[in-house]
Student: 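The structure that follows is given in the form of structure tokens.
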Amino acid sequence: MASEDLISDKWDLCLSNAIVKGGIGFGAGVIASVVLFRRRPWPVFTGLGFGLGQSYSECNRHFNPLLIPGQKLVKDGEGKQRSGSA
């Protein structure tokens, strides 16, 4: 698989995660706002922020797998570096 395809797949996954998790956070914020907080706007923005923050964190891990605890760079038999578990 070409490197452009790998990056494209990662971006697609990140954007879909942002849409889904942001929407779930938005929906949870709307429900909390209506049910618990007498239609205040801050629960909606808080839920949206939590959802987008979670998607950003997962996207960061997809583009930099060394941020996952226990991962390190190892050299394979050809001298190329790849990420592997400790």
Student: Enumerate the residue pairs fulfilling salt bridge (charged side-chain N to carboxylate O under 4.0 Å, His left out) with a member in residues 39-51, sequence neighbours excluded, ordered by first and then second residue.
Tutor: none
Student: If you look only at pairs with a residue in residues 7-18, which of them pass as a side chain to side chain donor-acceptor pair (under 3.5 Å), with sequence neighbours excluded?
Tutor: Asn17-Glu58
Student: State whether the number of non-hydrogen atoms from other residues, nucleotides or ligands found under 6.0 Å of Tyr56 atom OH is greater than 12.
Tutor: no
Student: Before you tell me yes or no, could you show the steps for Leu52 and Lys21 under side chain to side chain contact (heavy atoms under 4.5 Å, CB included), namely the whole-Å CA-CA distance, both residues' side-chain angles and the distance that decides it to 0.1 Å?
Tutor: CA-CA 6 Å; Leu52 291 177; Lys21 292 181 191 242; over 6 Å; no
Student: Of the non-hydrogen atoms in Ala32 and Pro43, which two are nearest, and what is the gap between them?
Tutor: CB-CB, 4.4 Å
Student: So which residues get pulled into Leu15's cluster when ILVMFWY side chains under 4.5 Å apart are joined, directly or through others?
Tutor: none
Student: How long is the span from the CZ atom in Phe26 to the CD1 atom in Ile19, to the nearest 0.5 Å?
Tutor: 14.5 Å
Student: Once rounded to the nearest 0.5 Å, what's the spacing between atom SG of Cys14 and atom CZ of Arg61?
Tutor: 12.5 Å
Student: Rest of the hydrophobic cluster containing Phe50 (Ile/Leu/Val/Met/Phe/Trp/Tyr, side-chain heavy atoms under 4.5 Å)?
Tutor: none
Student: Which salt bridge (charged side-chain N to carboxylate O under 4.0 Å, His left out) pairs, counting each pair once, include a residue from residues 44-54, with sequence neighbours left out?
Tutor: none
Student: Val35: which other cluster members, linking ILVMFWY side chains closer than 4.5 Å, directly or transitively?
Tutor: Ile31, Leu36, Phe37, Trp42
Student: Would you say Ile24 ends up clustered with Val30 if hydrophobic residues are merged whenever their side chains have heavy atoms under 4.5 Å apart, either directly or through other cluster members?
Tutor: no
